[in-house]
Protein chains: 2
Amino acid sequence: MSLSEKNLAFVMHCGEMGSRWGFNRTIGQMCGLLTITKEPMTANEIADTLSISRGNVSMGIKELQSWRLIKVHHIPGDRKEYYGPAGSIWDMANRVFEERKKREIDPTLSLLRDNILEEAHNDDERFAQQQMQEIHDLLETVTKWSAELQRLSPEQLQSLMKLGSGIGKVLDFKDKILKKPGKE
Amino acid sequence: MSLSEKNLAFVMHCGEMGSRWGFNRTIGQMCGLLTITKEPMTANEIADTLSISRGNVSMGIKELQSWRLIKVHHIPGDRKEYYGPAGSIWDMANRVFEERKKREIDPTLSLLRDNILEEAHNDDERFAQQQMQEIHDLLETVTKWSAELQRLSPEQLQSLMKLGSGIGKVLDFKDKILKKPGKE
DNA sequence: ATTAAATTTCTGAAGTTTTTGAATACAAAA
DNA sequence: TTTTGTATTCAAAAACTTCAGAAATTTAAT
């Protein structure tokens, strides 16, 4: 199997970005490749297409599975495993975000909580705690929002996404409405 | 200078997270340290506190400046440079986000655009293009939204942040309101 | 100009991560 | 049970990143 020039460029780009998203180059490439390939691929096809070793592909598959980004397909009468993306682009983006939250934000939050509970003994410590409190609040907001986004129906999401610069206006509405007695 | 046990834990944690945010361990530590330290520090103080070489600190400073996360202070009659955070926690988070957008999202978007403009010659290419289109749209939405967030007034932002699960309701309001003739 | 204080750059050593490919394990078919 | 096609593991090699400390440079004071 071989890729068109443009598709190859995309896959290589995914490799370069890979480490930014939390995995390494090869795994990034694999993820990109499987995402733009219509039919699920075997491990050998992946190895050939990307010119990497079979062992490396095996590792990559395991990793991508742990991120729940790819899933296995089977073809009756064929004992090879075929791999394809685990969902829509939006699903995949969500998975990456969720997984990174688990690995980065959650541990940070718990460390910050520990720290904030401690009593401050002097001005410097007080300052440090204030800053940590702010980081904590920020991260918590991000967490709350990401959970919120996942709870929205696709239509609501669509609606929200299209909102763009309308958000300011909507906020103003909301304030007006909520200020009226008897609401919320 | 030396850090309390808890503060040290925070700084070290920043180091571990550092690479996730786009820089390396030492630079992460430096960023954490400067963020929770009330008074701006000299390069030598940083080196001593973190037990790293002076040269390393110099590199780190340059990098953190390129991210616009720290700024220099001067004390009259003292030729040393003193470094402190470049703004509030929210500012800094914004900077990191903005900078990463510039380094990751923007190049990806332009590659995707190139690719989407090309004509598809067969089914596989058509599928690849569809997927890329979806990624493109998603990234563009993220871009639009982040710009939007930065345009909001602090009060609006506050209001939005507190919204949480209220977002669903507000969207419903919006739909109702916008459906009425004579609005928007 | 000279000196002294401070910062930056550079290099190779040390450390870390990634990759390969051979060995191993597994599971279905013969 | 053996063979065969497949997937996984693992140790060693390669590639990459980070770092300390020496050398070079800049800056400011005398």
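In what follows, chains are A, B, ... by sequence order, proteins preceding strands, each numbered from 1.
The existence of a salt bridge linking Glu99(B) and Arg103(B) is confirmed by a sub-4.0 Å separation between a basic side-chain nitrogen and an acidic carboxylate oxygen.
Of the listed nucleotides (dT20(C), dT6(D), dC19(D)), dT20(C) has the atom at the smallest distance from the side chain of Met59(A).
Atom C1' of nucleotide dT6(D) and atom CD1 of Ile61(A) are separated by 12 Å, given to the nearest angstrom. dT16(C) atom C1' lies 15 Å from atom CD of Glu16(B), rounded to whole Å. Atom CD1 of Ile52(A) is separated from atom P of dA14(D) by 19 Å (rounded to the nearest Å). Rounded to an integer number of Å, the gap from Asp78(B) CG to dA6(C) C1' is 10 Å. At whole-Å resolution of the value, CG in Asp48(A) and P in dT6(D) are 13 Å apart. Across the protein-nucleic acid pair, Gln65(B) atom CD and dT7(C) atom C1' stand 12 Å apart, rounded to whole Å. In this entry the distance linking CZ of Arg79(B) with C1' of dT27(D) reads 6 Å, nearest Å. When rounded to the nearest whole Å, the span between CE of Met30(B) and P of dT7(C) equals 12 Å.
Within 4.0 Å (heavy atoms only), Thr42(B) reaches no atom of the nucleic acid at all. Contact annotation for Ser19(A): no contact, since no heavy-atom pair falls under 4.0 Å across all strands.
The shortest distance between the side-chain N/O atoms of Arg54(A) and the OP1/OP2 oxygens of dA7(D) is below 4.0 Å. The shortest distance between the side-chain N/O atoms of Asn24(A) and the OP1/OP2 oxygens of dT17(C) is not below 4.0 Å. A sub-4.0 Å separation between OP1 or OP2 of dT9(D) and a side-chain N or O of Lys62(A) is present. OP1 and OP2 of dT9(C) both lie 4.0 Å or more from every side-chain N or O belonging to Ser58(B). Of the side-chain N and O atoms in Arg25(B), one or more sit less than 4.0 angstrom from OP1 or OP2 of dC19(D).
A donor-acceptor pair under 3.5 Å is absent between the side-chain atoms of Glu81(A) and the main chain of Val72(A), judged by distance alone. A donor-acceptor pair under 3.5 Å is absent between the side-chain atoms of Gln129(A) and the main chain of Arg126(A), judged by distance alone. The backbone N or O of Leu34(B) sits nowhere less than 3.5 Å from a side-chain atom of Thr37(B) that would complete a donor-acceptor pair.
Judged by a 6.0 Å distance limit and a 45° cone about the ring axis, Arg100(A) is not positioned over the six-membered ring of Trp67(A).
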